Undergrad: 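Quick one: structure below, then a few questions.
What you are looking at is a predicted structure, and each value in this text was computed from that prediction instead of being measured.
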Amino acid sequence: MPTDDLHNLKDDMTAFIEGHGMRRFPGYVGDEIASVMWKDDDNLDAWKDFVELAKAAGAPFITMDDVVLTKEDLDFLMERLKDGIYGTGEDLDDARWLRTYLGKTGFLQLGFAHQGTLFLYEVSTEWYERYQRVIDTAEAMGGLLIEEDDEDDE
C-alpha cells in the first residue's frame, strides 16, 4: 500500500460495506484462529471484491479492525526496549523513527464467516510492518508486551 495512513481507506471501506446493506462488527480475528487469508495480488481495490464476496456468501456482517499508533503504545515499547538486555541501538532508533506515524492508521482487517470458515482481508503500511518487527524484538527480549492494570494496586 503506497500510503502511510490508512484512515481514508477505512472510511471508504465503511461506506462501501454500509452501501451494500451490511453491518460491521468491531473485532479482530487473531492468528490463533484458523482462517483463510485473501490473496490480493497487489490489487488496491481487492477489499471491494472481498466485501462483495461476503455479501454473495450471505454473511450478515463483516468484522472490522484497525490499528492506530498511539503515543502510549510507542512510549511503552521504547521503555521495554530500553529495559531489555538484548536490545540494540538500532531497535531504539526504529522505535524513535515510528514517532512520525503517531495518530496514523497502519493496519486494517476485514473478516467474515461462511460455513464454519473465517475469511480475512488485511492491509498494512510499511511502517506498521516495521513496528511489528520492533514489537517482536521487544517480546523476544523480555516477555509479553501487554500492559495491564494490576487489580491488587487498588
Undergrad: Answer yes if V36 and F61 sit in the same cluster of Ile, Leu, Val, Met, Phe, Trp and Tyr residues linked by side chain heavy atoms under 4.5 Å apart, and no otherwise.
TA: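 No, V36 and F61 fall in different hydrophobic clusters.
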
Undergrad: Any link between I135 and L74 through a network of hydrophobic side chains (Ile, Leu, Val, Met, Phe, Trp, Tyr) touching at under 4.5 Å?
TA: yes

Undergrad: Decide yes or no on side-chain contact (heavy atoms from CB on, under 4.5 Å) for L77 and Y131, but give the supporting numbers first.
TA: CA-CA 10 Å; L77 176 60; Y131 172 65; 3.8 Å; yes

Undergrad: Rounded at 0.5 Å granularity, tell me how far CG in D12 sits from NZ in K48.
TA: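 D12 CG to K48 NZ: 7.0 Å, rounded to 0.5 Å.
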
Undergrad: Any Lys/Arg nitrogen of D75 or R99 sitting under 4.0 Å from an Asp/Glu carboxylate oxygen of the other?
TA: yes

Undergrad: I'd like to know whether F76 forms a side-chain contact (heavy atoms from CB on, under 4.5 Å) with E72, so could you lay out the CA-CA distance, the side-chain angles of the two residues, the decisive distance to 0.1 Å, and finally the verdict.
TA: CA-CA 6 Å; F76 184 68; E72 294 78 20; over 6 Å; no

Undergrad: If every non-hydrogen atom of W38 is compared with every non-hydrogen atom of F50, which pair is closest and at what distance?
TA: CE3-CD1, 3.4 Å

Undergrad: Checking D5 side chain against T105 main chain: does a donor-acceptor pair fall under 3.5 Å?
TA: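 Yes; judged by distance alone, with no hydrogens or angles, the pair exists.
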
Undergrad: Are M22 and F112 packed together at the side-chain level, in the sense that at least one heavy-atom pair is separated by less than 4.5 angstrom?
TA: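 Side chain of M22 against side chain of F112, heavy atoms only: no contact under 4.5 Å found.
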
Undergrad: State plainly whether one hydrophobic cluster holds both V123 and M37, where clusters connect Ile, Leu, Val, Met, Phe, Trp and Tyr through side-chain heavy atoms under 4.5 angstrom apart.
TA: no

Undergrad: Which heavy-atom pair separates L120 from S35 by the least distance, and what is that distance?
TA: CD1-OG, 3.4 Å

Undergrad: Does Q109 reach the main-chain N or O of V29 with its side chain, forming a donor-acceptor pair under 3.5 Å?
TA: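 Judged by distance alone, yes, a pair lies under 3.5 Å.
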
Undergrad: What distance separates M78 CE from D73 CG, expressed to the nearest 0.5 Å?
TA: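 M78 atom CE to D73 atom CG measures 13.0 Å (nearest 0.5 Å).
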
Undergrad: Taking a hydrophobic cluster as the set of Ile, Leu, Val, Met, Phe, Trp and Tyr residues connected by side-chain heavy atoms closer than 4.5 Å, whether directly or through intermediates, do L118 and M64 fall within one such cluster?
TA: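 Each belongs to a different hydrophobic cluster.
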
Undergrad: For K104, does the NZ atom have more than 12 heavy-atom neighbours from other residues, nucleotides or ligands under 6.0 Å away?
TA: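 Check passes, neighbour count above 12.
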
Undergrad: Once you round to the nearest 0.5 Å, how far does CZ of F25 lie from CG of D65?
TA: 10.5 Å

Undergrad: Please report the closest heavy-atom contact between H20 and K55, naming both atoms and the distance.
TA: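 The answer is O-NZ, 2.5 Å.
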
Undergrad: Salt-bridge test for R133 and D136: reply yes if a basic N is under 4.0 Å from a carboxylate O, no otherwise.
TA: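 No.
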
Undergrad: Honestly curious: do L6 and V68 fall in one hydrophobic cluster under the side-chain, below-4.5 Å linking rule?
TA: no

Undergrad: Can you check whether G111's main-chain N or O pairs, donor with acceptor, with T63's side chain at less than 3.5 Å?
TA: yes

Undergrad: M13 vs R24, test: side-chain contact (heavy atoms from CB on, under 4.5 Å). Steps then yes/no.
TA: CA-CA 10 Å; M13 287 176 167; R24 291 175 298 118; over 6 Å; no

Undergrad: Do you know the tightest heavy-atom contact between I17 and R23?
TA: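 That closest heavy-atom pairing would be CG2-O, 4.2 Å.
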
Undergrad: Please give me the minimum heavy-atom distance between A59 and A113, naming the atom from each residue.
TA: CB-O, 4.4 Å

Undergrad: If you take all heavy atoms of N43 and D49, which pair is closest and at what distance?
TA: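 That would be ND2-OD2, 3.8 Å.
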
Undergrad: To the nearest 0.5 Å, what is the distance between CD (Q132) and CZ (F107)?
TA: 8.0 Å

Undergrad: Going by the angle between their ring planes, with limits at 30° and 60°, are W127 and Y101 parallel, tilted or perpendicular?
TA: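 Ring orientation, 0 to 90° scale: parallel.
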
Undergrad: Can you list the steps and then say if F119 with L53 is a side-chain contact (heavy atoms from CB on, under 4.5 Å)?
TA: CA-CA 10 Å; F119 296 91; L53 180 62; 5.8 Å; no

